[in-house]
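One structure below.
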Amino acid sequence: MRKDPLILNVDDDDGARYVKTRVLQVAGFEVIEAATGGDALEMVARAAPDLVLLDVKLPDINGLEVCRRIKSDPSTASILVLQTSAALIHRTDRVRALDGGADNYLVAPIEAEELVANVNAMLRLRRVQGELLESEERFRQLAENIDDVFWMFAPLERRLLYVSPAFELLWGRPSDTVRSDIDSWIAFVHEQERGRVREAFGRLAETGVYDEEFRIVLPDNSVRWVRDRAFQVKNTAPGRERIARVTSDISARKAAEKLRHDADSRKDEFLATLAHELRNPLGPIRSAVDLLRIAGGDAGQTQERARDMISRQVDHLVRLVDDLLDISRISQGKITLQPKNVALASLVSSALETASPFITAREHQLNVLLPEQDVWVYGDAVRLSQVLGNLLHNAAKYTPKGGTITLNAAVCRDELMITVKDTGIGITLDAIDGIFDLFAQGAVAPDRAQDGLGVGLSLVKKLVQLHNGRVYAYSAGPGTGSTFSVCLPLAHATPAPGAAPGPASAAAPGAARKQRVLVVDDNPDAVEMMQMLLDASGYETASAYDAPSALERARAYRPDTILLDIGLPGMSGYDAARALRAIPEVAGAVMIALTGYGQARDRELALEAGFDHHLVKPVSMAALLPLLEEVRAADSSTSP
Ligand code: ADP
């Protein structure tokens, strides 16, 4: 690195040039020399001196022109030029020289000290300028690379000196908006905060403080939270006061605060509900105990009623506490399922065991529609009946007395779908989204029998999820009733006889010979899907894709039931049915026609052709299974 500043001394007069070089060298500068304008330009480009001491009079190119060329080339423009000339030069030359870009001008005779002092002053100025530029550059980089908006105002002139590019992102508008009108940013502050912010910003000059949080409304009407601070810049000269301002996006922090606040208020609400719920049963219990005391030895009805009441209320308390414990165990991942193959019928009956008394007390009518055949799921029997019990309990609770509750179960593909539908108060669209959240509670039924903790549905969802199932809530709105559906995967294999306890186990499909179903359809996907559904429901299946192969297959397979699509290629389904009926091995089979049309005429044609039943596609398992079940029932009643 060069230690001393390098000076290029340009003069065609050897004597004068020599003297100046010596003076500068003695003063500690490194000096190189040129005698013509051409040489000077070439050395400027090559050696990049800090300063050129340039005489005006040169043999080839005029010194003023040399200076102009140095200053007009961007790569050399920053080199200092000290123009010198012979005595008695005209004042206008001096002006021309400075206009041409020279940084200073000296007229001969030049004293040694004068020359050195001038060179030093120019170099010092350049150094300070350089440092200033560098610090400005650092500031600019900082201001332009942070997400915060940085502003600098000249308050006395009401001028915005600088605003960083982040303004455009934060305010969602071009920064020209505030450059042309420095107060225009206020118009985009949310109207609820605009007055306060305007006033606080206006007081800044007098108080010296401004620190506000507010919302900015973006052109698309979305909202962004910011913290906006401003302060007077210290150490500025009088009359040149500056105000610096920083605006930061705090939307993320505000969102987190809101979540925390919501959670806090949900927790407070929950604690209030919990206290209320725990206290509710205690009143009757205390009265019952008093009653027992008064009744003394009277062993009659009073005592029995008091005991019943205590037992009911204690059951209720236990239920509440159990729900709470379950939720906390699930949240901590401590709950373990004890899964096995469970029959739907046994789940339903144990759920009804707990829910029925309450349903009856509320005078509801209860309909239970289960598939005729046994359906099995793989899961924890206790937990799954808890799920159904909770849904039935809610249905009874949120339906004014005398309503109707329907529990419906159907097999759909490889899932079991259980639906609990009521005619109660319904659920608003707003409430439905968060209904499975912990502590979520919606509207209260006019005669709501009993309050709860807002834990039940959250428990339902978590338990169903633990079983790889899903649960949905549906309501067309307040007053229109609600429907809750639980989908659970079906058990993969038909359980071995005796694998699952419960009322349905005696009728498990494995106990009897499996019914054989022949599925005939020219759409292989439809056939495959139907076979899967039937397999899952405990039937044995075979398939054929056209009439001739159906006839052949039927002869060999001897199905109990034939599902025959009417729209087969080649031979119509009706003709195929007649041909099938003529085969002795199939004569006793139940034949079900599947058609795309539901007209009465199709039905007649089907029955005429020898079909026993007629179903319209797409066929729901809920419609098909009862027909298949009839076959099974007939079969088992005739078997020994
Ligand atoms: P709880 O019944 O203890 O309040 P849940 O978690 O069981 O708590 O239910 C949460 C909320 O969902 C209830 O407060 C109620 O507003 C709504 N809800 C649940 N089931 C029904 C239903 N069958 N009909 C209408 N609203 C219901």
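First listed ligand is number 1; within each ligand, the first listed atom is number 1. Just so it is clear, the values below take in all heavy atoms, side chains as well, and ignore hydrogens, waters and symmetry mates.
Ligand-side atoms of ligand 1 in range of K397: 1 (P), 2 (O), 3 (O), range being under 4.0 angstrom from any heavy atom. Short contacts between ligand 1 and G456, defined as distances under 4.0 Å to a heavy atom of the residue, involve ligand atoms 5 (P), 6 (O), 7 (O). For ligand 1 and I427, the ligand atoms under 4.0 Å from any heavy atom of the residue are 25 (C), 26 (N).
The closest heavy-atom contact to atom 7 (O) of ligand 1, among the options N390, V455, N394, comes from N394. Here the shortest heavy-atom distance to atom 5 (P) of ligand 1, taken over I425, L459, L457, belongs to L457.
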* To do: Decide yes or no on side-chain contact (heavy atoms from CB on, under 4.5 Å) for N394 and V460, but give the supporting numbers first.
  => CA-CA 11 Å; N394 274 353; V460 163; over 6 Å; no
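Any N or O atom pair closer than 3.5 Å counts here, and I435 shares no such pair with ligand 1. Remark: ligand 1 and S458 share no N or O pair separated by less than 3.5 Å (distance only, no angle test).
With no hydrogens or angles considered, a side-chain donor-acceptor pair links D220 and S222 at under 3.5 Å.
Under the 4.0 angstrom criterion for non-hydrogen atoms, F484 is in contact with ligand 1. In this structure, G426 has a heavy atom closer than 4.0 Å to ligand 1.
Enclosure of atom CG in D211 by more than 12 non-hydrogen atoms of other residues, nucleotides or ligands within 6.0 angstrom is indicated. For L429, the CG atom counts as loosely surrounded, since its 6.0 Å shell holds 12 or fewer non-hydrogen atoms of other residues, nucleotides or ligands. Summarising the local packing, NZ of K421 is surrounded by 12 or fewer heavy atoms from other residues, nucleotides or ligands at distances under 6.0 Å.
Within the model, atoms CG of D148 and CG of D228 stand 10.5 Å from one another, a figure rounded to the nearest 0.5 Å.
V387 is not listed as a side-chain neighbour of V471, based on a closest heavy-atom distance of 4.5 Å or more.
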